[in-house]
J.: 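I am attaching a structure below and will ask some questions about it afterwards.
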Number of protein chains: 2
Amino acid sequence: MSEKTNTPKCATCGSRNKSVFCSLNTEQLTQIDTDKSCEFYQKGEVIFKEGVMARGIFCVNNGKIKLSRMGQSGKEQIVRFATGGDIIGYNSMLSKKPLSATATALDKSAVCFIPAKNFFQMIRDEPNFSLKILELTAKNWENASRLITDMAQKTTKQRLAEMLLWLKETFGLDEDNCIDVQLSREEIANMVGTATEAVIRLLGDLKKQKLIALEGKKIKLLDIHGLVVLADLVD
Amino acid sequence: MSEKTNTPKCATCGSRNKSVFCSLNTEQLTQIDTDKSCEFYQKGEVIFKEGVMARGIFCVNNGKIKLSRMGQSGKEQIVRFATGGDIIGYNSMLSKKPLSATATALDKSAVCFIPAKNFFQMIRDEPNFSLKILELTAKNWENASRLITDMAQKTTKQRLAEMLLWLKETFGLDEDNCIDVQLSREEIANMVGTATEAVIRLLGDLKKQKLIALEGKKIKLLDIHGLVVLADLVD
DNA sequence: CTTAAAGTATGATATTTGTCATAGATCCTA
DNA sequence: TAGGATCTATGACAAATATCATACTTTAAG
């Protein structure tokens with residue numbers, strides 16, 4: 001009937017249980033359903049742009065999203081990813097500053113928009129929701145401070161190994177042990193913080209070391225423990 | 001009379017207005033006063049150590065604190081600073097994970113300890129406090145994601161210039177335009193993410209470029225705009 | 001199906017940065 | 001105030017990485 005025919009309902013959202021919305025009751029979910037909207041994005045489409053003020057938060061229904069910042073002379077730096085159940089854009093709401101990153105779909109994605117009003121209402125009315133968001137922002141900081149340390153101290157090869165493991169954690173592996181996301185060498189370079197050529201060479205090295213295999217664009221992880229050791233993430 | 005004779009009162013704390021506690025009422029401040037304790041630290045003393053579970057948050061009454069992580073083979077990475085009015089240790093409380101950084105006094109400092117119970121009670125009872133903390137953690141993320149980008153993309157010299165500006169923002173300048181904190185070249189290197197020798201050489205370069213002057217351990221900023229341009233932070 | 005465009009790959013070279021060695025300066029303590 | 005320890009400084013060299021040039025490969029568009 002309405003223009004919202006394709007809009008998924010929160011109550012039946014497959015991603016809800018692992019999201020910050022898990023503790024809301026039916027009434028609260030219905031309220032969100034009433035006010036939210038949902039958009040579908042193709043690979044490469046921009047969901048929101050760094051620098052503008054956020055007017056609400058975005059909740060990923062399904063798909064794969066990269067969050068990146070423009071650094072030196074326009075070079076992209078990927079700082080985070082989001083998949084089903086993750087929310088994005090909330091930092092800008094909370095800090096009352098412009099969005100600090102651009103969100104881009106890496107794949108066909110469905111993303112709901114929840115207006116600021118509802119977001120702040122949930123924070124005020126539902127201490128458990130508030131705590132969930134606090135937990136989320138705290139974990140973000142902890143990940144970020146680790147990333148700062150690694151960027152500052154590790155070699156390019158170690159960082160590459162670490163990023164491959166991060167991609168595995170975030171997007172998982174397919175039946176064939178390949179990392180289940182399509183990124184260009186340039187995008188990988190923009191995570192690692194190096195030149196595209198360096199990534200190509202270093203992926204070649206990792207292949208020679210039998211840590212990975214390259215099947216076209218797909219990266220297959222052959223020796224996860226070896227990558228962990230190389231990246232110097234525990235042993 | 002008691003062992004808390006030297007413990008400063010929240011109500012008269014000079015740093016309170018710029019802290020997250022600014023919106024609490026007298027009753028709430030009194031409650032904190034009852035439960036908190038205060039410790040005094042000399043330069044170099046450790047306030048808390050990375051890896052252990054936090055049992056409360058710390059509020060800096062006055063002094064200068066560095067927060068650092070152990071990276072590759074024990075090399076320190078400084079990820080944040082705290083001064084009067086700042087709270088530290090809360091991320092670990094909120095994420096329910098061990099402390100992700102070590103806090104060390106850079107100077108004679110007074111730091112209050114507020115038990116977890118009080119902290120969570122304030123979050124539950126006082127939505128404005130909750131929002132303050134959310135604002136803080138969101139800003140932390142935004143700073144961190146900028147730092148990640150800069151670590152990944154900028155040259156060592158640019159990062160050094162940026163860190164000098166960061167120190168200026170955090171600790172201010174003394175009467176003589178010198179950055180008002182005493183850090184060793186090694187500590188600066190541990191912010192910038194490079195070797196001590198590189199910092200020494202690059203400080204020499206900045207001096208030749210008349211952007212700074214070195215007076216013993218003190219670093220005098222001669223051309224702040226020049227540093228901003230070099231660090232590629234706007235223009 | 002053809003062609004242009006984009007992405008991937010590889011080599012050569014220049015630059016930056018890390019590492020090691022050493023020496024001078026400063027600070028602290030006995 | 002002498003002496004050791006730590007911090008700062010500088011040179012020489014090695015290693016890592018960026019940059020530029022070029023070719024190959026895959027993808028997308030007409």
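As the structure is a prediction and not an experimental result, all values here were calculated from the model. Just so you know, these numbers use all the heavy atoms, side chains as well, and skip hydrogens, waters and symmetry mates.
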J.: Could you tell me whether A:E162 and A:R146 have a side-chain N and a carboxylate O separated by less than 4.0 Å?
T.: yes

J.: Kindly give the atom pairs (protein nitrogen or oxygen, nucleotide nitrogen or oxygen) under 3.5 Å for nucleotides 8-14 of chain C.
T.:
{"residue": "C:dT8", "atom": "OP2", "partner": "A:R185", "partner atom": "N", "Å": "3.0"}
{"residue": "C:dA9", "atom": "OP2", "partner": "A:R185", "partner atom": "NH1", "Å": "2.8"}
{"residue": "C:dG11", "atom": "N7", "partner": "A:R201", "partner atom": "NH1", "Å": "3.0"}
{"residue": "C:dG11", "atom": "O6", "partner": "A:R201", "partner atom": "NH2", "Å": "3.0"}

J.: May I ask you to say whether A:R201 pairs ionically with A:E197, meaning some side-chain N is under 4.0 Å from a carboxylate O?
T.: no

J.: Between B:E76 and B:K66, is there a salt bridge with N-O shorter than 4.0 Å?
T.: yes

J.: Tell me whether the guanidinium CZ or amine NZ of B:R159 lies under 6.0 angstrom from the six-membered ring centre of B:W166 and within 45° of its axis.
T.: no

J.: Does B:F58 offer a backbone N or O that forms a donor-acceptor pair with the side chain of B:K36 under 3.5 Å?
T.: no

J.: Give me the residues of residues 145-161 of chain B where at least one heavy atom lies under 4.0 Å from an atom of DNA chain D, by number, or none.
T.: none

J.: Would you mind checking if B:K218 and B:D174 are paired as a salt bridge, meaning a charged N to carboxylate O distance below 4.0 Å?
T.: yes

J.: I'd like to know if B:E45 pairs up with B:K108 as an ion pair, taking the criterion as any Lys NZ or Arg NE/NH1/NH2 lying under 4.0 Å from an Asp or Glu carboxylate oxygen.
T.: no

J.: For nucleotides 28-30 of chain D, give me every protein contact, N/O to N/O, under 3.5 Å, one pair per line with atom names.
T.:
none

J.: With rounding to the nearest 0.5 Å, note down the distance linking CD in B:E39 to CZ in B:F113.
T.: 10.5 Å

J.: Between B:D176 and B:K220, is there a salt bridge with N-O shorter than 4.0 Å?
T.: yes

J.: Is it true that A:Q158 and B:Q72 share a donor-acceptor pair across their side chains at a distance under 3.5 Å?
T.: yes

